[in-house]
Amino acid sequence: MAGPCGNGTEEFAEDMADPFELDGFDSLSSAEAGAETARNAAEGGEAPLSSRLFGKAEAHGAPSAAASDGPAAAATRAAYLEGLNPQQREAVLTTEGPVLVLAGAGTGKTRVLTTRLAHILATQKAWPGQILAVTFTNKAAREMKARIRALIGDIVEGMAWLGTFHSIGVRFLQRHAELAGLRSGFSILDTDDQVRLLKQVLAAENIDEKRFPARQIAALIDAWKNRGLTPDTVPAGEAAAFANGRGARVYAAYQARLRALNAVDFGDLLLLPVAMLKATPDLLAEYRRRFRYILVDEYQDTNTAQYLLLRLLAGENGNICCVGDDDQSIYGWRGAVVENILRFPKDFPQAKVIRLELNYRSTGHILAAANGLIAHNRGRLGKTLHSVAGMGEKVWLRGHTDDEAEARAIADDIEALLRAGHSPREIAILVRASFQMRRFEERFVEIGLPYHVVGGPRFYERQEVRDALAYLKVIHTPDHDLAFERIINVPRRGIGAASVKKMHALARLRGLSLYRAAALMMDSDELPARTRRPLKDLMTAFARWRAQAAELPPAALAEVVLEESGYVDMWKAEKTPQAEGRLENLKELVRSMEAFDTLSGFLEHVALVMDADQAAAGEKVVLMTMHAAKGLEFDTVFLPGWEEGLFPHQRALDEAGEAGLEEERRLAYVALTRARRRAIISCVQMRRVHTMWQPAQPSRFIDELPAAHVAILDDALPLAPVTEPEVADTSVDNASAGAGQRTGRRTAADPVSGRTARAPFRQMERRHDHGLCEGQRVFHQKFGYGTIAEVDGEKLTIDFEKAGRKRIMAAFVEAV
DNA sequence: GATCCATTTGTTTTT
DNA sequence: CAAATGGATC
């Protein structure tokens with residue numbers, strides 16, 4: 001049977017009971033689970049999905065059509081397929097077998113992904129619970145869910161296996177904790193806990209933490225885990241790099257400590273499921289059967305552990321569809337392996353490769369410039385991106401004396417754009433490194449320009465938030481030693497390092513958790529009375545809070561705890577200017593908890609979702625790193641700081657050489673292709689680093705931009721577009737941008753001194769010619785897209801797609 | 001055990 | 001240059 005297709009309603013109801021969702025599965029061996037499955041199915045089981053599936057699906061038409069005409073007939077005329085180009089359609093409809101979708105920037109990747117999922121569900125090739133759909137960020141997962149819901153309704157709620165790699169890893173571990181050496185209710189350590197734990201391990205191993213910092217070994221272990229390496233499979237040569245060859249030993253000791261604490265770190269969320277599936281063939285078989293369709297977003301960013309997991313689950317001929325763009329692989333430093341996507345056709349010899357090459361986002365010059373730049377990379381799968389829009393503006397290039405001048409000029413441009421009616425949220429500044437943001441923030445504050453920083457210091461990583469979370473973790477899981485240790489003397493209550501050390505000793509001796517050791521010691525004479533009293537108070541408080549946790553919603557509990565522990569008072573008493581902000585953050589934390597019914601639900605959310613939901617962006621200019629901008633798009637994009645050493649970043653070159661350079665170049669490609677209509681690259685001659693001024697040279701990437709698509713700017717950004725005769729073929733392919741077309745130093749280098757006569761701004765002002773003609777497609781800030789019906793000098797009559805016919809001055813529209 | 005001062009370190013990007 | 005860590009001193 002190709003899919004769970006039945007004809008009668010009753011049969012559906014039975015089939016749809018998802019056997020894996022039944023309670024009690026965790027406690028069964030996989031063989032027993034199989035038997036259980038059959039029993040439940042025969043009895044009808046719980047069918048929470050079926051009602052949802054039918055309720056909404058019928059309303060949307062697809063499955064009812066399937067019932068009468070069969071899924072295939074429904075598929076070809078489904079509303080969701082409309083408006084897809086042939087390649088996109090193919091990517092949606094090729095559901096069987098391995099498929100690699102190479103989706104260049106702006107080619108409608110997300111749309112294809114969501115439509116594909118919707119299609120599989122609507123044609124009933126699989127139930128929601130039989131699809132594994134992985135994304136990299138929670139934001140992407142949320143967005144995907146929302147978009148599928150928009151297409152086919154609430155069926156999507158049954159997609160239990162839609163999420164980030166890490167959240168799916170947690171799911172595996174929760175179901176089969178015992179196979180991974182864990183007990184249920186294990187905790188997930190954050191990076192901070194990880195480092196503190198490693199410090200303890202290093203101390204126990206008698207390794208000098210000054211010579212071999214815990215952070216360093218933490219990074220090493222993380223990298224090993226990303227590569228799917230366990231302590232006994234770490235290559236000897238690499239283990240030697242740390243603490244005179246004791247790296248693997250420390251790794252093993254660390255893992256042992258983790259297990260003793262019933263805890264996992266982030267890397268384990270991938271590594272343990274892989275190990276588990278490898279070691280338990282029955283389990284693997286179960287899951288292979290279960291996941292009829294596997295879908296992976298951003299495949300170019302998978303690391304080896306993720307790759308192994310996918311290959312295990314997909315098997316030889318699985319229906320696995322990976323979507324990605326090798327040119328947008330920018331997370332190599334985090335363990336991502338571009339080769340994963342490059343070798344997909346070798347991994348799956350019968351794989352179908354589909355290229356999405358029609359770019360709907362950027363205008364021609366921007367796309368051509370980006371294509372020319374990325375053509376300098378080797379080892380690409382190669383794509384030919386075509387623009388569907390007109391050529392638009394060339395990519396602007398501007399030089400400044402120093403970073404302050406750069407910030408000032410960009411701020412001026414933005415003000416002008418806003419005056420001209422551009423929406424601030426359509427303007428972004430993308431920087432290589434976050435420290436660059438500072439200049440812009442200073443300037444924006446000075447002139448009162450509303451801006452919004454995306455990324456910034458992560459909410460859940462702030463000290464006060466982590467302290468508060470530690471209290472909650474101890475209430476939820478008293479044996480969470482690291483959390484307990486974190487707050488045992490915060491706020492100061494007179495339980496110092498010496499006392500904690502004694503507790504540790506007792507805990508180790510008796511094989512207890514720190515919390516239990518503390519509970520014993522508060523009634524013994526080990527500790528001086530002046531320590532015993534506060535400890536007893538704390539323990540009593542925890543007992544009380546835990547009792548309250550059963551009754552109060554998490555948010556209310558948090559409020560009580562923060563108040564009664566004296567934690568809020570601690571910050572109130574502090575007179576530093578930051579204290580107020582910390583109190584604000586605590587309030588924000590409590591507010592964010594209101595969405596959760598249970599403490600454990602909230603804690604799991606926090607462990608996996610490092611990004612607190614960003615405050616609504618609103619009408620603000622966006623300031624962020626290039627990495628954070630991936631997947632986003634803006635009308636106007638400013639790209640400051642294109643200087644050697646900063647971009648490409650020196651460290652990337654030092655650490656990864658040629659590969660590092662190529663990744664930086666891909667980052668440049670990602671940054672440039674965020675722009676829909678306008679991109680302004682800039683560099684400076686002098687940049688202030690710390691306190692010293694450092695001379696800077698324009699980035700090599702500037703010289704790699706094809707000259708034909710770049711224009712030098714020695715003044716403010718022109719507001720009206722520089723129009724050019726439309727070129728029939730607006731595509732630029734990789735080959736032509738390579739050798740001959742490169743920008744020479746003459747045009748691009750040192751734009752500061754190279755102020756040329758060909759200042760496009762002036763030229764444009766002189767000629768009054770707006771270059772617009774009848775039949776041309778244009779864009780207006782308020783009315784959107786339209787076609788020119790009539791030209792009368794400066795006055796145009798335009799038929800807008802949405803707003804209808806309007807008379808508009810030429811200066812207010814832009815050719816597309 | 002707490003507070004203050006000095007030194008260091010980081011500023012690439014994040015699940 | 002700022003924050004964070006760590007050591008020394010009270």
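The shown structure was predicted, so the numbers you read here are calculated from the model rather than taken from an experiment. In what follows, chains carry the letters A, B, and so on, assigned in the order in which the sequence lines appear, proteins first and then strands, with residues in each chain numbered from 1.
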(message) Distance check needed: C/dC1 P versus A/R688 CZ, whole Å only.
(response) 8 Å
(request) May I ask you to verify if any side-chain N or O of A/S434 is less than 4.0 angstrom from the OP1 or OP2 atom of B/dT13? (result) yes
(message) Measure CG/A/L269 against C1'/B/dT15 and give the value in whole Å, please.
(response) 9 Å
(request) Could you check how far CZ of A/R493 sits from P of B/dA2, rounded to whole Å? (result) 11 Å
(message) Between A/R147 and A/E143, does any side-chain N to carboxylate O distance fall below 4.0 Å?
(response) yes
(message) Among B/dG1, C/dA2, B/dT11, which nucleotide has an atom closest to any side-chain atom of A/R530?
(response) B/dG1
(message) Distance check needed: B/dT15 P versus A/D301 CG, whole Å only.
(response) 11 Å
(message) Stacking between B/dT13 and A/W333, yes or no? Criterion: centroid separation under 5.5 angstrom, plane angle under 30 degrees.
(response) yes
(request) Using a strict cut-off of less than 4.0 Å between a Lys/Arg side-chain nitrogen and an Asp/Glu carboxylate oxygen, indicate whether A/D654 and A/R651 qualify as a salt bridge. (result) no
(request) Go through the side-chain N and O atoms of A/Q300 and A/D325 and say whether any donor and acceptor fall under 3.5 Å apart. (result) no
(request) Return the value, rounded to whole Å, for the distance between atom CD of A/E664 and atom C1' of B/dT13. (result) 9 Å
(request) Would you please confirm or rule out a distance under 4.0 Å between OP1 or OP2 of C/dA2 and any side-chain N or O of A/R438? (result) yes
(request) Classify the nucleic acid contact of A/R687 as base, sugar-phosphate or nothing, counting any heavy atom under 4.0 Å across all strands shown. (result) nothing
(message) As a test of reading the structure: which of C/dA2, B/dT14, B/dT15 is closest to the side chain of A/F266, going by heavy atoms?
(response) B/dT15
(message) Please classify the nucleic acid contact of A/Q306 as base, sugar-phosphate, or nothing, using heavy-atom distances under 4.0 Å.
(response) nothing
(message) Expressed as a whole number of angstroms, how long is the span from A/Y307:OH to B/dT15:C1'?
(response) 21 Å
(request) Measure from CZ on A/R196 to P on C/dG6 and round the result to the nearest Å. (result) 12 Å
(message) Students often get this wrong, so: under 4.0 angstrom with heavy atoms, is A/N489 touching a base, only sugar-phosphate, or nothing?
(response) sugar-phosphate
(message) Between A/R688 and A/D403, does any side-chain N to carboxylate O distance fall below 4.0 Å?
(response) no
(message) Heavy atoms from C-beta onward define the side chain here; which of B/dT14, B/dG1, B/dT15 lies closest to that of A/T531?
(response) B/dG1
(request) Scan side-chain atoms only and decide if A/E604 and A/Q174 contain a donor-acceptor pair under the 3.5 Å cut-off. (result) yes
(request) Send over the distance from A/R492 CZ to B/dC4 P, rounded to a whole Å. (result) 11 Å
(request) Just call it for A/F165: base, sugar-phosphate, or nothing, with non-hydrogen atoms closer than 4.0 Å on any strand. (result) nothing
(request) Scan side-chain atoms only and decide if A/E485 and A/H504 contain a donor-acceptor pair under the 3.5 Å cut-off. (result) yes
(request) For the side chain of A/K199, starting at C-beta, report the closest nucleotide among C/dG6, B/dT14, B/dG1. (result) C/dG6
(message) Nearest to the side chain of A/T625, heavy atoms from C-beta on, is which of B/dT15, B/dT13, B/dG1?
(response) B/dT13
(message) Taking only the C1' atom of each, what is the distance from C/dG6 to B/dT11 in whole angstrom?
(response) 22 Å
(message) Can you work out whether A/E663 or A/R215 has the more 5'-proximal nearest nucleotide on DNA chain B?
(response) A/R215
(message) Quick check on B/dG1: is either OP1 or OP2 less than 4.0 Å from any side-chain nitrogen or oxygen of A/S499?
(response) yes
